[in-house]
Engineer: 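Here it is, the structure, as structure tokens.
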Amino acid sequence: WHANPTRRLLFNTFPSVCSTNTQTDHMASRMAPRVRALLACVAAMLLLASGTVDAATTSGTLGTGVSVAANTETTINYTGLSLVVHTTTASTVTLSSYASVVTAMPTGYSALGFSAEAGFTLAIEGGGELVKAELTTPSLTTTAAALITGSVEAGCLRYDAELDAYSKVDIKSYGTLTKKIVVDLPKAGTYLFAAVSVNAEVPSFYNETRVTSSSSTKFTFPGGFTLDVATSSSNTVSVQRSSFSVRADPESKHNIGAYFDINQGSSSSVTATLQFKYSADLAASVASSLRFAFWNTTASAWQFPSTGASVDTNTRVVSQTTVHFSEWAVFGGGDTQMIVSDQAVSAASPSKCYAVDYDHFLGVMNAEVTKIDGGANLRMYLLKGTSCPGPSNFQMRSELAKADGQSRTICVTDDTTPEVGDGRYMIAVYAEGLSGTGSRTRFSLEVSNDLFCNASPARMAWSAAVALVVLAASYVLA
């Protein structure tokens, strides 16, 4: 209070309004107007306090933390660039140079460079909320600046090392004379800069709000999902992805671990195309049967649209046109219960959970996880029911998959707990030994109905022959 002269001035300006001293006599007649005045004073002070932000200026060195006060718009001047930052609590702000682009940028984006770096990493310690982080970059190199033309504009991408993916961040301005980019950084993270073709797709992360308009915009998301959308008026859209749903699979169909909850900011007409690139490991018969379905809240069931569906088996893309958003998922037919590939676990998200609605009466259920690459060991847990299993809540678990390319299996039979049979099985893949930001391990998961555990092709052929003999004998006896 005493350190803020603006608030103190307000109080001193209205002493008769803000004072709470009252005489005991005539209290009844005076209380109502004084209470109203007091409440007005408090409201005015709160309004002033919420709109007042102190300002400060300091110098910084890239890679070294700078202390900033709470609710203070602090300009940190570095050599050739600056950062204006505002946090709700006292914090330590560190801006570091990011030397070079290590992951290929999306189509239509070309990396821009400065004299000493390709981008910057913002880190904030203090636990408060980031209100503002406006970065003014150094000047682009002459070569980089030459890429900015009439059909190519300067842009910014947030890079997530654990997802190994990008998300576009709208810039505030680009100075054609200074060759500097001004951009509001939405959160701590790594930011790279790019020359962006005007019609390029917009890379996005899940759970981000994106602006839509009457012109079609194509948003691409990690893991192969794409949303091409146009709305009748200016609007927003956000997408959440999950590897499983509490809702059972449609009859005779199986999910492939791809659920998308799509929401608009406000109600308006929409025209959209949903696309998902499926695993190359899917059998051709299963791939050709893939379809998007949406959850019909009125019927409480998954519904496959009667039109607008297609599958391109050459590009491995399943598509669906729609005029509404809701919860969507991809389902397929066949005996393979589920195949997902190029899945990743990280230090920030060390496990993934999947739901398998099993519907076979003959044979066993094999669940096989294969480590593709990465520094962690992988273990699979299984639990029958609707809860995701884990190290302290499981019925079966696999051995550790330690080496790249190594597979581990859980086989559910008539003699295991749980027994094989109709119903929902939850399977979770956990990473053990992950450490450090950007540490990620990839895997694939296949769940299938077989006649034997760990069935080899030879055993499968033999078991198929036996099954045919049994069926023939049953027919003769009948």
Side-chain angles (χ1 to χ4, degrees), residues 63 65 91-105 118-130 133 157-167 169 185-192 203-208 221-225 239-244 257-259 340-354 369-382 387-394 397-408 426-445:
S91 306
T92 300
V93 176
T94 305
L95 187 69
S96 306
S97 62
Y98 196 83
S100 60
V101 177
V102 296
T103 299
M105 287 187 170
F120 302 91
T121 297
L122 175 66
I124 301 176
E125 298 179 1
E129 177 185 352
L130 177 64
L157 293 170
R158 181 162 68 92
Y159 175 63
D160 189 316
E162 293 184 342
L163 294 175
D164 195 29
Y166 294 97
S167 179
V169 178
L185 309 182
K187 60 192 302 183
T190 296
Y191 295 85
L192 303 173
S204 305
F205 293 146
Y206 296 106
N207 304 315
E208 286 185 341
F221 297 85
F225 180 66
V239 180
Q240 299 180 36
R241 179 173 179 175
S242 177
S243 56
F244 74 98
Y259 294 85
V340 293
S341 65
D342 201 21
Q343 302 292 288
V345 283
S346 64
S349 181
S351 67
K352 280 189 178 294
C353 186
Y354 304 88
V369 63
T370 300
K371 178 180 174 181
I372 298 175
D373 56 34
N377 300 325
L378 300 178
R379 192 188 298 274
M380 183 169 47
Y381 296 88
L382 181 143
S387 299
C388 286
S392 60
N393 180 35
F394 66 91
R397 71 174 186 175
S398 71
E399 297 295 322
L400 281 174
K402 299 180 179 180
D404 292 356
Q406 186 175 35
S407 299
R408 294 299 189 185
M426 302 297 292
I427 298 173
V429 177
Y430 270 75
E432 299 182 7
L434 278 172
S435 62
T437 302
S439 176
R440 62 197 298 264
T441 296
R442 297 188 303 145
F443 67 91
S444 63
L445 173 67

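Because the structure is a prediction, the values reported are computed rather than measured. Starting from 1, each residue takes its place in the sequence as its number.
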Engineer: Can you name the closest pair of heavy atoms from Y354 and Q343 and give their distance?
Structural biologist: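 Between these two residues, the closest heavy atoms are OH-OE1, 2.8 Å.
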Engineer: Of all the heavy-atom pairs spanning C388 and M426, show the shortest one and how long it is.
Structural biologist: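 C388 and M426 have their closest heavy atoms at SG-CE, 3.9 Å.
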Engineer: For R241, check side-chain hydrogen bond (donor to acceptor under 3.5 Å, both in side chains) against everything at least two apart and list the hits.
Structural biologist: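 side-chain hydrogen bond (donor to acceptor under 3.5 Å, both in side chains) list for R241, sorted by chain: empty.
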Engineer: Looking at side-chain heavy atoms only, is the closest gap between R408 and L400 below 4.5 Å?
Structural biologist: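 Counting from C-beta outward, R408 and L400 never come under 4.5 Å.
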Engineer: Between the main-chain N or O of Y430 and the side-chain N or O of R379, is there a donor-acceptor pair closer than 3.5 Å?
Structural biologist: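 Judged by distance alone, no pair lies under 3.5 Å.
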Engineer: Using modelled atom types only, decide if a donor and an acceptor are shared between the side chain of Y166 and the backbone of T103 within a distance under 3.5 Å.
Structural biologist: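 Yes.
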Engineer: For D404, what residues pass the side-chain contact (heavy atoms from CB on, under 4.5 Å) criterion, not counting sequence neighbours?
Structural biologist: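 D404 satisfies side-chain contact (heavy atoms from CB on, under 4.5 Å) with K371, D373 only.
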Engineer: Please enumerate all residues that pass side-chain contact (heavy atoms from CB on, under 4.5 Å) together with A123, with sequence neighbours excluded.
Structural biologist: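 Result, side-chain contact (heavy atoms from CB on, under 4.5 Å) vs A123: T94.
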Engineer: For a quick test of reading the model, state the closest non-hydrogen atom pair linking S96 to G63 and the distance between them.
Structural biologist: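 Between these two residues, the closest heavy atoms are OG-CA, 3.6 Å.
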Engineer: At what distance, to the nearest 0.5 angstrom, does CD of E399 lie from CD of Q406?
Structural biologist: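 The CD atom of E399 sits 9.5 Å away from the CD atom of Q406.
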Engineer: Can you list everything that forms a side-chain hydrogen bond (donor to acceptor under 3.5 Å, both in side chains) with S341? Sequence neighbours excluded, please.
Structural biologist: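 Expected list: S279.
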Engineer: Please give me the minimum heavy-atom distance between S204 and S167, naming the atom from each residue.
Structural biologist: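 Closest heavy-atom pair between S204 and S167: CA-OG, 3.7 Å.
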Engineer: Test of understanding: with side-chain contact (heavy atoms from CB on, under 4.5 Å), list the residues that count as partners of F394, not counting sequence neighbours.
Structural biologist: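 F394: side-chain contact (heavy atoms from CB on, under 4.5 Å) contacts with Y381, P389, R397.
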Engineer: Mind checking side-chain contact (heavy atoms from CB on, under 4.5 Å) for A431 and listing every partner two or more places apart, or none if nothing turns up?
Structural biologist: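 Testing A431 for side-chain contact (heavy atoms from CB on, under 4.5 Å), a comparison that skips the adjacent residues, returns V345, A376, L378, L434.
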Engineer: What heavy-atom pair brings L157 and P203 nearest, and what distance separates the two atoms?
Structural biologist: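 Answer, listing the atom of L157 first, then P203: CD2-CG, 3.8 Å.
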Engineer: Quick one: does S242's side chain have a donor or acceptor within less than 3.5 Å of a partner on F244's backbone?
Structural biologist: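 Flag set: sc S242 to bb F244 pair under 3.5 Å.
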Engineer: Are any of the side-chain heavy atoms of V169 and L185 separated by less than 4.5 Å?
Structural biologist: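 Heavy-atom side-chain distance check fails, nothing below 4.5 Å.
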Engineer: Testing the basics here: between T370 and S407, what is the closest heavy-atom pair and its distance to 0.1 Å?
Structural biologist: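 Where T370 meets S407 most closely, the heavy atoms are OG1-OG, 2.6 Å.
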Engineer: Quick check for you: to the nearest 0.5 Å, what is the distance between R158 atom CZ and F205 atom CZ?
Structural biologist: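 Nearest 0.5 Å value for the CZ-CZ distance: 5.0 Å.
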Engineer: Would a distance-only check, ignoring hydrogens and angles, find a side-chain to backbone donor-acceptor pair under 3.5 Å from R442 to A344?
Structural biologist: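 No.
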Engineer: Nearest 0.5 Å please: distance from the CG atom of L163 over to the CZ atom of F221.
Structural biologist: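 The CZ atom of F221 is 12.5 Å from CG of L163, to the nearest 0.5 Å.
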Engineer: Quick one about Y159 and D164 (side-chain donor to acceptor, distance below 3.5 Å, no hydrogens or angles considered), yes or no?
Structural biologist: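 There is such a pair between these side chains.
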Engineer: Judged by atom type as modelled, is there a donor-acceptor pair below 3.5 Å linking the side chain of S243 to the main-chain atoms of C353?
Structural biologist: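 Yes; at least one donor-acceptor contact below 3.5 Å.
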Engineer: Once rounded to the nearest 0.5 Å, what's the spacing between atom NZ of K352 and atom CG of L445?
Structural biologist: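 Here the interatomic distance stands at 11.5 Å.
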